[in-house]
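Numbered from 1 within each chain, the chains take letters A, B, ... in sequence-line order.
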2 protein chains.
Amino acid sequence: MAVHSHPRQNLAELTARLRQRDRRITGPRQLILDVLRREEHPLTARQIHDLLDCDLATVYRSLRLLEEMAMVKRFDFGDGTARFELLGQNDDGHHHHLVCRECSTVVEIGECFSGNFENRIARQHGFANVSHRLEFFGLCPECQAA
Amino acid sequence: MAVHSHPRQNLAELTARLRQRDRRITGPRQLILDVLRREEHPLTARQIHDLLDCDLATVYRSLRLLEEMAMVKRFDFGDGTARFELLGQNDDGHHHHLVCRECSTVVEIGECFSGNFENRIARQHGFANVSHRLEFFGLCPECQAA
DNA sequence: ATCTATTTGCAAATGATTTGCAATAAGGGG
DNA sequence: CCCCTTATTGCAAATCATTTGCAAATAGAT
Ligand SMILES: [Mn+2]
Ligand SMILES: [Mn+2]
Ligand SMILES: [Zn+2]
Ligand SMILES: [Zn+2]
């Protein structure tokens with residue numbers, strides 16, 4: 001199963017989602033969506049900025065907006081820098097990553113542990129609306145050789 | 001099973017661990033260990049600093065040292081601020097948390113998903129030395145009522 | 001008490017992310 | 001197509017957590 005719902009979303013489709021919410025379809029936003037659209041791994045704001053021609057602050061503002069609109073998902077690899085991935089139409093984007101501690105290579109992980117585990121924890125402590133954040137870290141094949 | 005190996009570690013025992021590694025037993029370090037010793041949930045550097053009388057930079061430096069010495073474990077709740085917990089003697093500190101999205105209440109979680117899951121992922125992608133970072137988020141009982 | 005390598009306090013530097021504000025551009029109406 | 005109103009941008013300055021340079025203080029050994 002494809003981890004990402006990167007169903008070759010076309011820009012038109014994406015900008016339409018913006019329009020539906022009374023947001024303006026600006027140059028920077030299209031550029032950012034276009035960059036994210038062709039990536040399979042999450043990108044940092046700076047990486048996106050380096051591929052574009054617009055202010056870094058605008059990248060941050062746009063990503064925040066897109067995140068609020070559930071068009072983009074934020075990931076945290078614990079290195080103090082947020083990473084972003086584009087979401088598909090009806091995709092909540094819930095998935096995980098396996099990251100190399102040496103070279104930062106990223107592998108997309110679609111599977112997850114049993115939902116029972118999460119439900120049990122929620123019930124046990126009376127929490128509602130429980131979700132989780134999970135990332136794996138290790139040494140990739142290349143870095144093991146080196 | 002107790003999530004934390006907070007076996008009432010006494011300061012002497014803790015400072016001994018420092019001494020063993022040729023590190024000096026200074027006032028600030030004892031204070032920090034003493035604060036962590038009586039906490040059951042992870043604390044931020046600032047929280048520790050507020051309970052003490054030493055420079056914030058010293059708190060950061062000490063925590064870094066203690067982390068390198070595996071006496072303290074760092075956690076990341078995704079809010080851009082690291083949290084620290086004291087580790088027991090032979091405890092690698094691997095555990096998780098359930099955090100309230102509203103009031104930040106923390107519940108310690110000792111259980112974990114099956115190790116097979118992690119092994120399978122490691123094998124599938126040829127990664128070695130794979131570990132993970134997992135935290136749960138939800139609405140605590142109090143905040144549900146409110 | 002003395003000596004020397006550590007460690008501390010303080011201030012300045014970093015790096016990621018946010019924000020104020022004036023200039024610019026998007027989308028609607030005429 | 002032009003105009004108007006309002007959202008959005010670029011740029012610089014501000015924030016926040018964390019780190020670092022450096023001289024003064026101090027732990028631990030002699
Ligand atoms: Mn991904
Ligand atoms: Mn804990
Ligand atoms: Zn690698
Ligand atoms: Zn709560």
[X] [atom1] - [N] [atom2] separation (whole Å):
{"X": "B/I32", "N": "C/dG9", "atom1": "CD1", "atom2": "C1'", "answer": "13 Å"}
{"X": "A/D79", "N": "D/dT18", "atom1": "CG", "atom2": "C1'", "answer": "14 Å"}
{"X": "B/R46", "N": "D/dT18", "atom1": "CZ", "atom2": "P", "answer": "9 Å"}
{"X": "B/M69", "N": "C/dT7", "atom1": "CE", "atom2": "P", "answer": "10 Å"}
{"X": "A/Q47", "N": "C/dT17", "atom1": "CD", "atom2": "P", "answer": "11 Å"}
{"X": "B/L31", "N": "C/dT8", "atom1": "CG", "atom2": "P", "answer": "11 Å"}
{"X": "B/L56", "N": "D/dA17", "atom1": "CG", "atom2": "C1'", "answer": "9 Å"}
{"X": "B/R74", "N": "D/dT19", "atom1": "CZ", "atom2": "C1'", "answer": "12 Å"}

Among [options], which nucleotide has an atom closest to any side-chain atom of [X]?
{"X": "B/D55", "options": "C/dT17, C/dC10, D/dT19", "value": "C/dC10"}
{"X": "B/A57", "options": "C/dT17, C/dC10, D/dT9", "value": "C/dC10"}
{"X": "B/R29", "options": "C/dT17, C/dT8, D/dT18", "value": "C/dT8"}

Are any of [X]'s side-chain N or O atoms less than 4.0 Å away from OP1 or OP2 of [N]?
{"X": "B/R23", "N": "C/dT7", "result": "yes"}
{"X": "B/Y60", "N": "D/dT19", "result": "no"}
{"X": "A/T26", "N": "D/dT9", "result": "yes"}

For [N], does the base pair up with any side-chain atom of [X] as donor and acceptor (N or O, under 3.5 Å, distance only)?
{"X": "B/R24", "N": "C/dA5", "result": "yes"}
{"X": "B/R61", "N": "C/dG9", "result": "yes"}
{"X": "A/R64", "N": "C/dT17", "result": "no"}

Rounded to the nearest 0.5 Å, how far apart are CZ of B/R83 and CZ of B/R46?
->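 Going from the CZ atom of B/R83 to the CZ atom of B/R46 covers 12.5 Å.
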How many angstroms lie between atom CZ of A/F77 and atom OG1 of A/T44, to the nearest 0.5 angstrom?
->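 With rounding to 0.5 Å, CZ (A/F77) is 11.0 Å from OG1 (A/T44).
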Given that B/T81 and B/I25 both sit by DNA chain D, which one's nearest nucleotide is further toward the 5' end?
->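 First, find each residue's nearest nucleotide; the 5'-ward one identifies B/T81.
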Nearest atoms (heavy-atom pairs only) where A/F84 meets A/L36 =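 Shortest heavy-atom separation between A/F84 and A/L36 comes out as O-CD2, 3.7 Å.
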B/S114 vs A/F113, side-chain contact (heavy atoms from CB on, under 4.5 Å): CA-CA, chis, key distance, verdict | CA-CA 8 Å; B/S114 129; A/F113 50 74; over 6 Å; no
Pair B/R74 + B/E85, salt bridge at N-O below 4.0 Å =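 B/E85 and B/R74: not salt-bridged.
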